[in-house]
S.K.: 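I have a structure here, written as structure tokens, and I will follow up with some questions on it.
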Amino acid sequence: MQSHYDPAAVEAEVQSHWENSGTFEVTEDPGREKFYCLSMFPYPSGKLHMGHVRNYTIGDVIARYQRMLGKNVLQPMGWDAFGLPAENAARKNRAAPAAWTYENIQYMKSQLKSLGFGYDWRRELATCTPDYYKWEQWLFTELYRKGLVYRRNAVVNWDPVDQTVLANEQVIDGRGWRSGVPVERREIPQWFIKITDYADELLDEIDTLEEWPEQVRTMQRNWIGRSYGVEMNFVIDGGDEVLTIYTTRPDTLMGVTYVAVAAEHPLALAAAESNPQLAGFIDECRRGGTTEAELETAEKRGMPLGIHAVHPVSGDKVPVYAANFVLMGYGTGAVMAVPGHDERDHAFALKYGIPIKKVIHPKDGSEWDIQAAAYVEKGVLRDSGPFDGLTSEQAFDAIAGWLEERGLGEKRKNYRLRDWGVSRQRYWGAPIPMIHCASCGIVPVPLEDLPVRLPEDIVYDEDTINPLKSDPAFAMCHCPECGGEAQRETDTFDTFMESSWYYARYTCPDAGAMLDSRADYWLPVDHYIGGIEHAVLHLLYARFYHKLLRDAGLVRSNEPFTRLLTQGMVVAETFYREEADGSRSWFNPADVTVNSDDKGRPYSAVLAGDGQAVQIGGVEKMSKSKNNGVDPQTLIDRYGADTVRLYTMFTSPPDQSLEWSDEGVEGASRFLRRLWSLAETHQQWLAAGEAQASMTLNEIQQAARRELHELLKKALYDYQRNRFNNVVSACMGMTNILYKLEDSAADRSLLREGLSLILRLLGPIAPHVTHHLWHELGYGEDILQGGWPEPDEEALKQERIPYVVQVNGKVRASIEVPADADNALIQSIALDNDNVQRFIGEGTIRKVIVVPSKLVNIVAK
RNA sequence: GCCCGGGUGGCGAAAUUGGUAGACGCAAGAGACUUAAAAUCUCUCGACCUUCGGGUCGUGCCGGUUCGAUUCCGGCCCCGGGCACCA
């Protein structure tokens, strides 16, 4: 055995052992309990970042832990290979996105291998390969046949100079990232999948996801946002046009003083024809981005159309406004407005001098100044004609019933969730398998013609916008129905389409169908691990997709992921300089020197290169855009994979954010060297196996053994609840205990026992060094077959139990009581204590509380 | 703007879920070994007071429930994630 720990040598040796023995290659085995452990697959952006390392270490720790428990563990890995960054890189490097992507995959795969993750690489998949996307193209055509797919206009960010659609990420401060001109909202036809048809199931089954974080379940519930309300019609005065609106507060109906429509609404466009001022306003409303945050925070503006709508109950005429906060694409493009009882409507009414009516009064009879602020709570109706005196709850049904009887409206369930728009006007994605035929209309590509291949041998330069749209060889085709000349759809799928079913394809990556029977052996995924940023979108789409797969007869389960762990962000300090044009240049922490005051708080920072000051931008998620990433490769090369894995597990619990610190890595490395040195100094007799348990231990040794087993018990509990930072702490504590042992035969037996516990507990976290030591010290051939340790209940027994004594809730003494003492004895020992008597003083004892094995609290006055 | 989290020593954190606040580690300081440095080992390490026994305060801020609150409730402040075309 080497006298010093050489991670590079150990890791190379152990990794080739795993590779040669096919340790992580698994097949279906109905006789064994299966465990499918999955980490969210990476986008192949070039090299691994710390977020990947953290994610995949957590996953690998769980997979190895389950394997040591004896389960048949599947852990695959692959590549979420379509996406925008490949096009940007291509433009920059004049290379094809495909070549760039495959190169990145090759390099990142070698990095994953160097970290020792136990993947079954035979199942590797990349979503940009036709073998993969063929099947989601097929499913899409099936969904179209089932009526779950449709096409309609939807809003996009439009760059008027580049004449192209921009992703939200490409809109910076309201301007196109390349052109620098303000973006506009524009409507174009797009493909949608009816996720809202599954909204109830997606919502109700959140209740069955008991092993998901409550936080994620709440976010998904709110995102789906089922509401119960009333849909009703407002007829336009002097015409036969009808505005349909939805409200969750029909009780406030009598307080409606205007209605608002989207700027792009047909009524607004019609009115604008004879009103240049209004036409100008509608034009202005097109400005700006499409994100909810932008729309919600933009200044609320509007303009009257000069027409009126008839209130369905009172018959009053209320003005119709065009407003920038109503969008054509969402809902019906029209809303009723109740300034008295809605904050946004209130602000709008004050701004434009629209009357504010008070129709809901507080139930407790208190006064409310409706001109000063909207009253948004429920209450009692007044000035509401036939509904006066009803509570909001009663009025809901009364008003809905009144409208229903007259055919003016009806109760309706509504969702915040919108249908899934899957069209992207981009090149590097899976082609949408639809054909536009002049005579047959829209025709899905039949299975025998799938996949619709994305041409990969294309030329890219800085001005390339979308090679697919300018490639006649791709767009021209024949109609599968009539055989005539037709146009292929040139939009590609949202990349969430690929990431919504990859977990299922891993179970049968070579299947000649989308999935085969192997899927139901492995699915659902038992433990899924990925970033909290995916809490809603990816995780909701994947749940939806699983139900689509089920309804296509491909899987039997209802949900894809049984247990979910959402890891926190890896964050680091950011540094920047403001440029002359107001933009910011970001500097990597590795190139910056931070000066701290004597309390450790940073007060200034300089760039190492030029010695000039840089601004400290605060702690943020590691990202390319903020240039605050720490390259894991540098750390692996310097300290080895085990140290990097240990550090990321030890520094924070998995679900919290992890703040990077270079010094902490040094500490993790120090612990592994300590462990190595402990094994190395005792190797001769440890390997000879001469010391065995069942020795007679003295009092000190007994106490040491009890502490070892208490730490073991704690570590096992922490494995169950994924608190790997505590597992590492326990291993460090156990190592500290072993270091204090002496050199008797009993000490040696204790050391042999203790090391076997530490190595197995640490095995999933630092697999190389523990594998090596396990073998070197003669515990067995392969630590993965070493069995999972269990605490010895005998060792945990104590003759005397420490208690804390409080007087009036403040700790005044520590005592020890016999393990079999009853409350009376415990109390009398507590009262015997001098310090306790001192604080009781002249007071009389009112109450004594004994918490078993913990404390005694004496309440005295 | 809306939804969801988080806030504990100089720093990362722990406290088995209402029962001893700060385990484990980083940084720092002192000492041992060494020609020296590195490495390693030992000790100290929330603030203030102290007659050195101990005492008072302390888990973002304000208030409440309780014998007892980091933990539960109400109100606020700050930081982070998501908001449907980044993945």
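So that the names make sense, note that chain A is the first sequence line, chain B the second, and so on, each numbered from 1. Note that these values count all heavy atoms, side chains included, but never hydrogens, waters or copies made by symmetry.
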S.K.: Does one side chain, of Q190(A) or Q425(A), offer a donor that lies under 3.5 Å from an acceptor on the other?
M.R.: yes

S.K.: Looking only at side-chain N and O atoms, does S652(A) come under 4.0 Å of OP1 or OP2 in G12(B)?
M.R.: no

S.K.: Give one of base, sugar-phosphate or nothing for T297(A), where a contact means two heavy atoms less than 4.0 Å apart.
M.R.: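 Touches a base.
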
S.K.: So L540(A), base contact, sugar-phosphate only, or nothing? Heavy-atom distance under 4.0 Å.
M.R.: nothing

S.K.: Is there a donor and acceptor pair, one atom on the side chain of N857(A) and one on the base of C67(B), closer than 3.5 Å?
M.R.: yes

S.K.: As a test of your reading of the structure, name each stem of RNA chain B as range with range, where a stem is three or more consecutive Watson-Crick or G-U pairs at under 3.5 Å.
M.R.: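 Stems (3+ consecutive pairs) listed as B:1-7 with B:77-83, B:10-12 with B:24-26, B:28-32 with B:40-44, B:46-49 with B:54-57, B:60-64 with B:72-76.
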
S.K.: Do the side-chain N or O atoms of R673(A) get closer than 4.0 angstrom to the phosphate oxygens (OP1, OP2) of U40(B)?
M.R.: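 Yes, R673(A) has a side-chain N/O under 4.0 Å of OP1/OP2 on U40(B).
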
S.K.: Using the 3.5 Å cut-off, write out each protein N or O paired with an N or O of nucleotides 75-83 of chain B and the distance between them.
M.R.:
from   : atom 1 : to      : atom 2 : distance (Å)
C83(B) : O2'    : E292(A) : OE1    : 2.6

S.K.: With a 3.5 Å cut-off and just heavy-atom distances, do the side chain of S729(A) and the base of A23(B) make a donor-acceptor pair?
M.R.: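 Answer yes: a donor N or O sits under 3.5 Å from an acceptor.
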
S.K.: Quickly work out the R846(A) CZ to U66(B) P distance and round it to whole Å.
M.R.: 16 Å

S.K.: Taking any heavy-atom pair under 4.0 Å as a contact, classify D718(A): base, sugar-phosphate, or nothing.
M.R.: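 No contact.
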
S.K.: May I ask you to say what R838(A) touches in the nucleic acid, namely base, sugar-phosphate or nothing, with a heavy-atom cut-off under 4.0 Å?
M.R.: sugar-phosphate

